[in-house]
Amino acid sequence: MNQLEKLDAAYIAGFLDGDGSIYVRVKPNATYKFGFQIAPNIVFFQSQKGIKILEELKELIGGGYIRFRKDGIAEYIIGDMITLQNLVKQIRPYLRLKKLQAELLIQILDQKSRVVTQEDFLSLVKLIDSFLTLNYSKKRKNGFTSVKTLLEQKL
């Protein structure tokens with residue numbers, strides 16, 4: 001993750017406010033201790049015709065990857081914890097629309113690093129559920145109630 005100039009940090013924050021998303025998914029994954037992977041992401045969207053701007057963002061930020069969707073949209077995805085933490089800390093003062101999501105992401109990343117017990121994990125999933133009030137998600141499948149039920153069935 002690169003150290004950003006203030007002007008670049010403000011630009012990236014504006015881009016994220018307009019054409020980006022901050023979210024955390026809880027994905028089933030049997031290789032993880034509690035059977036779920038916590039997957040935080042910041043994503044910037046652009047038409048594939050505007051790929052150059054996403055490449056410039058990637059160069060400025062210094063992490064993540066670009067993928068092309070079948071619907072003509074390109075996504076610049078940042079998912080590693082260190083890059084996410086550093087990026088949010090640098091752009092948070094300039095965010096307007098996604099400020100609450102950024103603050104929630106920082107809380108989640110901090111709590112994620114301290115998960116030891118199943119109770120800790122469920123507390124983290126409950127915190128992730130807070131995104132429901134901040135983001136519109138039509139695909140969300142795994143929340144506190146369903147994760148708790150599945151963990152209890154394994155006992």
Heavy-atom pair with the smallest gap, counting every atom of Ile78 and Gly63: CG1-O, 4.3 Å
Is a side-chain N or O of Lys98 found less than 3.5 angstrom from the main chain of Gly20, in a donor-acceptor match? yes
When you compare the side chain of Val24 with that of Asn41, does any pair of heavy atoms fall below 4.5 Å? no
Please check if the number of heavy atoms outside Gln48 that lie under 6.0 Å from its CD is greater than 12. yes
Could you tell me which non-hydrogen atom of Leu95 sits nearest to which non-hydrogen atom of Ala102, and how far apart they are? CD1-CB, 3.5 Å
Any side-chain heavy-atom pair of Ile77 and Ile42 under 4.5 Å: no
Would you call Tyr76 and Ile61 a side-chain contact if the rule is heavy atoms closer than 4.5 Å? yes
With rounding to the nearest 0.5 Å, note down the distance linking OG in Ser47 to CD1 in Ile53. 13.0 Å
If you measure from CG on Leu122 to CD on Glu119, what distance do you get to the nearest 0.5 Å? 7.0 Å
For Phe44 and Phe15, take the angle between the two ring planes, folded into 0 to 90°, and tell me which bin it lands in: parallel under 30, tilted 30 to 60, perpendicular over 60. perpendicular
Measure from the side-chain N and O atoms of Asn2 to the backbone N and O of Leu60, and report whether any donor-acceptor pair falls under 3.5 Å. yes
Could you see if Phe131 belongs to whatever hydrophobic cluster contains Phe45? Use Ile, Leu, Val, Met, Phe, Trp, Tyr and a side-chain cutoff under 4.5 Å. no
With side-chain contact (heavy atoms from CB on, under 4.5 Å) as the test, would you mind laying out the steps for Ile51 and Phe68 before giving the verdict? CA-CA 9 Å; Ile51 186 63; Phe68 298 95; 3.7 Å; yes
Is it the case that the side chain of Asp71 and the backbone of Ile73 share a donor-acceptor pair, with hydrogens and angles ignored and the cut-off at 3.5 Å? yes
Just do the side-chain contact (heavy atoms from CB on, under 4.5 Å) check on Tyr23 and Arg25 with the steps written out, would you? CA-CA 7 Å; Tyr23 62 90; Arg25 292 185 343 189; 3.8 Å; yes
Between CG of Leu16 and CD of Gln101, what distance do you get to the nearest 0.5 Å? 8.5 Å
Hphob cluster co-occupancy, Val43 + Ile108, side-chain heavy atoms under 4.5 angstrom: no
Please check if the side chain of Lys27 supplies one atom and the backbone of Gln37 the other of a donor-acceptor pair under 3.5 Å. no
Distance alone, cut at 3.5 Å: any donor-acceptor contact between the side chains of Thr83 and Asn86? no
Phe34 with Met81, same ILVMFWY side-chain cluster at under 4.5 Å: yes
Under 3.5 Å, is there a donor-acceptor pair between the side chain of Lys33 and the main chain of Val116? yes
Any side-chain heavy atom of Phe121 sitting closer than 4.5 Å to one from Thr117? no
Salt bridge or not between Arg92 and Glu103? Use side-chain N to carboxylate O under 4.0 Å. no
Over all heavy atoms of both residues, which pair between Tyr94 and Ala9 is shortest? Give the atoms and the distance, please. CE1-CB, 3.7 Å
Test side-chain contact (heavy atoms from CB on, under 4.5 Å) on Leu109 and Val88 and set out the steps. CA-CA 11 Å; Leu109 294 175; Val88 171; over 6 Å; no
One should read off an interatomic distance between Ile106 CD1 and Lys89 NZ, to the nearest 0.5 angstrom, of 5.5 Å
Under 3.5 Å: donor-acceptor pair, side chain of Asp129, backbone of Lys126: no
Could you go step by step and tell me if Leu127 and Leu104 meet the side-chain contact (heavy atoms from CB on, under 4.5 Å) rule? CA-CA 8 Å; Leu127 184 59; Leu104 180 57; 3.6 Å; yes
Separation of Gln46 CD from Ile66 CD1 (nearest 0.5 Å): 11.0 Å
Is there a donor-acceptor pair closer than 3.5 Å between any side-chain N or O of Gln90 and the backbone N or O of Leu4? yes
With rounding to the nearest 0.5 Å, note down the distance linking CD1 in Ile12 to CD in Glu56. 11.0 Å
A quick test of your reading: do over 12 heavy atoms of other residues, nucleotides or ligands sit less than 6.0 Å from CZ of Arg96? no
